[in-house]
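Below, each value reflects all heavy atoms present in this structure, side chains not excepted, and no hydrogens, waters or symmetry copies.
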Amino acid sequence: MVHDQFTATRRRVLASGAAVSAAMVAGCIGGDGGPGDGGLLYTQEVNPEGDFDPVVSNDAYSSQVIHQVYDGLYEYDYELELQPKIAAGEPEEERDGERYIVEIVEGAEFHNGDPVTAEDVVHSFTAPIEEDTDNRPEYDFIDVDGTEAVDERTVQFDLDHPYGPFETLTVAGYVVNQSVRTDDRESYNRDPVGSGPFTFQDWTSDEYVELEAWDDYWGEPQPELESIRFEAAEDDAGRVSQILAGDTDAIATVPPADWDQIDGEEGIEVHRTRSPSYQYVAFNCNEGETTSPEVRRGIAHSFSMSEFVSSNLGDSATPMNSPVPPIVDELGWDFPTDEWAEATPEYDPDEAESLLESGLDDPDSWNPTIIVPPDDVRIALGELIASRLDELGYDAEVQSLDFATLTDTYISGSADDYEMYILGWTGGPDPDVYLYNLFHEDNAGVTQGHFYEGSGDFHDNIAEARQTADQDERRELYVSAIDEIVEELPVMAAYSEHNTIATQDYVTDMQPHPNVAYNPQLVSGENNVTLEE
């Protein structure tokens, strides 16, 4: 059975089930590799990198562990709306968006019994800048010298300039224990002390992470599960085999090709929700033939992205024509998505042939390399593009690289390494995450490898949009930038893949969260996962 969370009505139905399941007694039905009675065995797609300190961690799979161990100052609900967690209420804005004041709740504690203080919050938001961690770009606008603890429970954030997404993105940061962390940062990264519903117990690289429920959790609700064990199966077939054989309680990401089989299996349930994920085909605009916009449009006309999404992902994804996922657009942005859809190249082999012949400097020896991550769908997309180019007389090569090698390769800017790459991005509910990180020149060779130079005010508009708090002004700046992206195609938007989880039917109240880093969402105001007897 498929459990959709595409509508608020469905969410309310599932949320009401939480009250029932909370009364159930946790059983001992966990997967064979599970940690014991009342414990959930959860199989991730990829092993976490092993950074469990939110100040330094920068991968989604470590974040899925972090989310169970830490509480955020604010946290996203299932509508991607921020709700106070350690904060006592909404941020108070001053100085035209250059200062925010947040009061934290009384009674919040860390696992070691230390109270959560304003100093802990200040450290959590300024340490990425002071220590120049990979997370620095997410906090770089904070004025480190000005941000301070006004008193034990009041934090004053001063910004170097107004930052539009501060209230929708930044305040969702997790709060670390300053004294324990600064005493031994390396140890803290491997044995973190948070204030969330689960405590960190054990970790072995490339094998497992084990957490236990914190009996004295300060927040509500109390966790129903006794423990969680994270293991990983990077290949889709491995995860599918485990859930079908009953060797795990839950798997992340149901492969579209296996959807019908898993959904039809007695005793297994499939859960699905939309997400702010964004998959794309990027062109090397730094070197090689794809520096030509005619070549890029020729490639885009050589195949049908919409047909690919329909045939390979079905109901597991939504086609996209811009870099802003539909679920983000619906949060009040109202972008001209129909216009961008009309401007997106459709399958037209004659137009593709004409554009490639006129745009290529050396068509007789053009053999582009397409690099893709090791998942079936993106490999299939790369192979589709290669086969269409082959039909037009060009010999494209698809290279499937593990994530670490791919991320080292796609930022080289060398046409010898790649002329196209297929990747994805997932962020929060604000266009800044997708425009600044993936298109602004500051991030060329960092989080994007297309190196698109833009024209006119392209980069200035993206920068200006993040430095104003006025959403109408920001919208116009983003529309201008995306108009150019759709026309010039440094990147071709592909699809937004839904977050999916498959569980054994004794796992109750599982609701995949739109924010993939929150999954599995086990304890929240809207659900509380248990194992039914």
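- We find that Arg474 and Asp430 are joined by a salt bridge, their nearest charged nitrogen and carboxylate oxygen being less than 4.0 Å apart.
- In this structure, the side chain of Thr117 does not engage the main chain of Glu152 through any donor-acceptor pair within 3.5 Å.
- Not a single donor-acceptor pair under 3.5 Å links the side chain of His123 to the backbone N or O of Ala118.
- The residues Arg185 and Glu131 are annotated as salt-bridged, a charged nitrogen and a carboxylate oxygen being separated by less than 4.0 angstrom.
- A donor-acceptor contact shorter than 3.5 Å is absent between the side chain of Ser62 and the backbone of Pro48.
- Looking only at atom types and distance, the side chain of Trp203 has no donor-acceptor partner in the side chain of Asp191 under 3.5 Å away.
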Exercise for review: Begin with the C-alpha distance, continue with both residues' side-chain angles, and end with the deciding distance and a verdict on ring-ring contact (aromatic ring centres under 6.0 Å, His included) for Phe439 and Tyr434.
Suggested key: CA-CA 8 Å; Phe439 290 96; Tyr434 308 91; 9.9 Å; no

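- In this structure, the ring of Tyr139 has its center no less than 6.0 angstrom from the ring center of Phe141.
- By the salt bridge (Lys or Arg N to Asp or Glu O under 4.0 Å) test, Asp457 pairs with no residue at all, sequence neighbours left out.
- Asn177 places no side-chain N or O within donor-acceptor distance of the main-chain N or O of Val193, the cut-off being under 3.5 Å.
- Looking only at distances, no side-chain donor or acceptor of Glu231 sits under 3.5 Å from a matching main-chain atom of Tyr42.
- When ring centroids are compared, His513 and Tyr76 stay outside the 6.0 Å threshold.
- Under the 3.5 Å distance criterion, with hydrogens and angles disregarded, a donor-acceptor pair is assigned to the side chains of Tyr452 and Glu484.
- Side-chain polar atoms of Asn189 and Asp51 form a donor-acceptor pair below 3.5 angstrom.
- Checked for salt-bridge contact, Arg181 and Asp53 meet the test: a charged N lies under 4.0 Å from a carboxylate O.
- Here the side chains of Thr170 and Phe125 are in contact, with some heavy-atom distance below 4.5 Å.
- The backbone N or O of Asp59 lies less than 3.5 Å from a partner atom in the side chain of Ser63, making a donor-acceptor pair.
- For Thr43 and Gln242, the side-chain atoms include at least one donor-acceptor pair closer than 3.5 Å.
- Counted by atom type alone, Asp249 and Gln504 present zero donor-acceptor pairs between their side chains at under 3.5 Å.
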Practice item. Just do the side-chain hydrogen bond (donor to acceptor under 3.5 Å, both in side chains) check on Gln178 and Asp120 with the steps written out, would you? Key: CA-CA 5 Å; Gln178 180 187 18; Asp120 294 309; over 6 Å; no

Check your understanding: Arg274 and Glu330: salt bridge (Lys or Arg N to Asp or Glu O under 4.0 Å), yes or no, with the steps?
Key -> CA-CA 12 Å; Arg274 292 194 304 169; Glu330 293 168 12; 2.7 Å; yes

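- Between the side chains of Gln511 and Glu526, no donor N or O sits under 3.5 Å from an acceptor N or O.
- For Tyr100 and Phe166, the distance between ring centers is under 6.0 angstrom.
- Taking the six-membered ring where the residue is Trp, the centroids of Phe230 and Tyr61 are separated by 6.0 Å or more.
- Checked for salt-bridge contact, Asp375 and Arg378 meet the test: a charged N lies under 4.0 Å from a carboxylate O.
- Asn527 contributes a side-chain N or O that, together with a main-chain N or O of Asp509, makes up a donor-acceptor pair within less than 3.5 Å.
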Practice item. List the steps and the verdict of side-chain hydrogen bond (donor to acceptor under 3.5 Å, both in side chains) for Glu453 and His459. Key: CA-CA 8 Å; Glu453 291 185 352; His459 296 292; over 6 Å; no

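- Side-chain N or O atoms of Ser412 include one that pairs as donor or acceptor with a backbone N or O of Thr409 at under 3.5 Å.
- Of the possible polar contacts, none joining the Glu98 side chain to the Arg95 backbone as a donor-acceptor pair under 3.5 Å is found.
- Phe200 places a side-chain heavy atom less than 4.5 Å from the side chain of Val65.
- Ring geometry, Tyr410 versus Tyr421: the interplanar angle falls from 30° to 60°, so the pair is classed tilted.
- By the 30° and 60° cut-offs, the orientation of the rings of Tyr70 relative to Tyr174 is tilted.
- Side chain to side chain, Thr530 and Thr508 meet the donor-acceptor criterion of an N or O pair below 3.5 Å.
- Judged by distance alone, with hydrogens and angles left aside, the side-chain atoms of Arg239 form a donor-acceptor pair with the main-chain N or O of Thr253 at under 3.5 Å.
- Taking the six-membered ring for Trp and the full ring otherwise, Phe198 and Trp214 have centroids separated by 6.0 Å or more.
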